[in-house]
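Here the structure comes first, spelled out in structure tokens, and everything after it is commentary.
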Amino acid sequence: MNPDTLWYKNAIFYEVHLRSFCDSNGDGKGDLPGLISKLDYLQELGVDCIWLLPMFPSPLKDDGYDIADYYNIHPDYGTVDDFRTLVAEAHARGIRVIADLVLNHTSDQHPWFVQARQSRDNPYRDYYVWSDTDQKYRDARIIFLDTEPSNWTYDAATGQYYWHRFYASQPDLNYDNPAVAEEMINVLRFWMDMGIDGFRADAVPYLFEREGTNCENLPETHAYLKRVRRVLDEEYPGAILLGEANQWPWDLRPYFGGDENNPAVPGDEFHMAFHFPVMPRIFKALKLEDVSDILEIMARTPDIPFNCQWCVFLRNHDELTLEMVTEEDRQLMWQLYAPDPRMRLNLGIRRRLAPLLDNDRRKIEVANSILFTLPGAPIIYYGDEIGMGDNIWLFDRNGVRTPMQWTAGPGAGFSQADPADFWVPLIDDPTYGYQKVNVAAQMADPQSLWHTIRQMVAVRKANPVLGWGNCQFLPAGSRAVLALLRQGQEAAVLALHNLSGTAQTAVLPLESFAGAQPVDLLGRADPLPPVGTEPYRVNLRPYDYLWLKL
Ligand code: NOJ
């Protein structure tokens, strides 16, 4: 791969759910050779980096986020050699690969936990967090509210409770134990030595517990993460850590490290972190035809070190989280986007992008346009590039993890197995079924959503200012219009979005660009006059969006 150590600043990420992507051996479950066979597809779409969901041996109580062996590949997905081949084949196509690093917890089937619960004096006992009562750390919230009554579960055999922030089948590791802290760095080295390009680090706020706190974002946690970063920098320069911390922007800022008052000081913790709070606000803005919440959260988003980057997303493999909104907004979002109670899960909504946006091509496009022009590197969730649907009746979050719809043929081109044996059923309703929504059909149709997304990817990459430039939100004379000015030393791009179903005229203060002739990067606008000294007026159709190079 090219040696550019800041590659992630302007990269397009693509999130792959291995089990649902492509099945090479006809067992109804996606696997590594299947993914390898689809790398040409990802290259054609233009993605720079794949984020692979957990592929380790696991009882799959949490779809692989419950790891039973950190040093192997789940037999359903192939072998460690297949993994090496994946990395080599991806790199040969200029695509990087990051894997999930699940530091916080293991599966209860992990040999460490199996040992730990054998007796109180087992050498592995201290790999986990035990207590005589379930009354410790009462200020820590429960995350999987729908299923877990407590963060403590009683282990009858040894008469103590163990601590878990997620399912009871996912005991938290004890980072106060130096052996644990060391061992997880070995895990990191093991996968880095296979040539991967870094990690998406799972559930990082919760590594340590301290009485009297909410056990999130503790100084001890940051200190450990900085240690992890040092290992990467020293031993694997160019590799990245993308942090999953579902937190407010000001609580996220410390995860980048560096100096909070000086973005010129390089970050020394995470290279990237997901920007969780902006995501639900994009959906809210689209329903209310009012962009103020997006502006507000972005105004409260601190500057980050120059060598760091946000990661932005519309959807992922989890429920659309409403943790980072007020209680009032949560109720509103549920009312607007999850009218059927089955659509709700924990503090979120288990639906995919296209159904959330009424399968309205204009809304799907404008939401993606925001994704591709906000500060940060965008992530595409597999299947959203063709507008796949969901199945709210499946267990947990499986309804947004259904098999990729490659063709209209048998098994949707996902697998040769009898579709009745697929790990979860294909979507086959009249609106979103694979017969109608599939990659082959959309690649063949130049007007398809797939081609629009591919164009956004290409244009974004051709205009690095969208990755590197600073971002200013301009007043546009309408609540429904989101106007972002991305500016660098050599280029400026103005992105306009009409989040309403009625035509709007954006009126923009562009005097400092007087004389510039805007270039319509996506080829969507009517002819535009040069910028003058008066406020610049642009007409936008319902849900219209324009990227104008000034
Ligand atoms: C966050 C992951 O995205 C989610 O899928 C998982 O259930 C939890 N972390 C626990 O690992």
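Below, each value reflects all heavy atoms present in this structure, side chains not excepted, and no hydrogens, waters or symmetry copies. Remember, it's 1-based here, ligands and their atoms both numbered in the order they're listed.
- Using cut-offs of 30° and 60° for the angle between ring planes, the Tyr137 and Trp163 rings count as perpendicular.
- When atom types are taken as modelled, the side chain of Asn151 and the backbone of Arg141 share a donor-acceptor pair closer than 3.5 angstrom.
- Partners of Asn391 under the side-chain hydrogen bond (donor to acceptor under 3.5 Å, both in side chains) rule, at least two apart in sequence or in another chain, do not exist in this structure.
- For Trp450, the side-chain hydrogen bond (donor to acceptor under 3.5 Å, both in side chains) criterion is met by Tyr41, not counting sequence neighbours.
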Q: Report the C-alpha distance between Asn214 and Asp139 in whole Å, list the side-chain angles of each, state the deciding distance to 0.1 Å, and finish with yes or no for side chain to side chain donor-acceptor pair (under 3.5 Å).
A: CA-CA 5 Å; Asn214 65 0; Asp139 298 331; over 6 Å; no

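- Listed by chain and number, the residues in a salt bridge (charged side-chain N to carboxylate O under 4.0 Å, His left out) with Lys9 amount to none (sequence neighbours excluded).
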Could you go through ligand 1 and list every pair where one of its N or O atoms sits under 3.5 Å from a protein N or O, giving the atom names and the distance to one decimal?
from: ligand 1; atom 1: 3 (O); to: Arg200; atom 2: NH2; distance (Å): 3.0
from: ligand 1; atom 1: 3 (O); to: His317; atom 2: NE2; distance (Å): 2.8
from: ligand 1; atom 1: 3 (O); to: Asp318; atom 2: OD2; distance (Å): 2.5
from: ligand 1; atom 1: 5 (O); to: His317; atom 2: NE2; distance (Å): 3.1
from: ligand 1; atom 1: 5 (O); to: Asp318; atom 2: OD1; distance (Å): 2.6
from: ligand 1; atom 1: 5 (O); to: Asp318; atom 2: OD2; distance (Å): 3.4
from: ligand 1; atom 1: 5 (O); to: Arg397; atom 2: NH1; distance (Å): 3.3
from: ligand 1; atom 1: 7 (O); to: Asp62; atom 2: OD1; distance (Å): 3.0
from: ligand 1; atom 1: 7 (O); to: Asp62; atom 2: OD2; distance (Å): 2.6
from: ligand 1; atom 1: 7 (O); to: Arg397; atom 2: NH1; distance (Å): 3.0
from: ligand 1; atom 1: 9 (N); to: Asp202; atom 2: OD1; distance (Å): 2.8
from: ligand 1; atom 1: 9 (N); to: Asp202; atom 2: OD2; distance (Å): 3.4
from: ligand 1; atom 1: 11 (O); to: His105; atom 2: NE2; distance (Å): 2.9
from: ligand 1; atom 1: 11 (O); to: Asp202; atom 2: OD2; distance (Å): 2.7

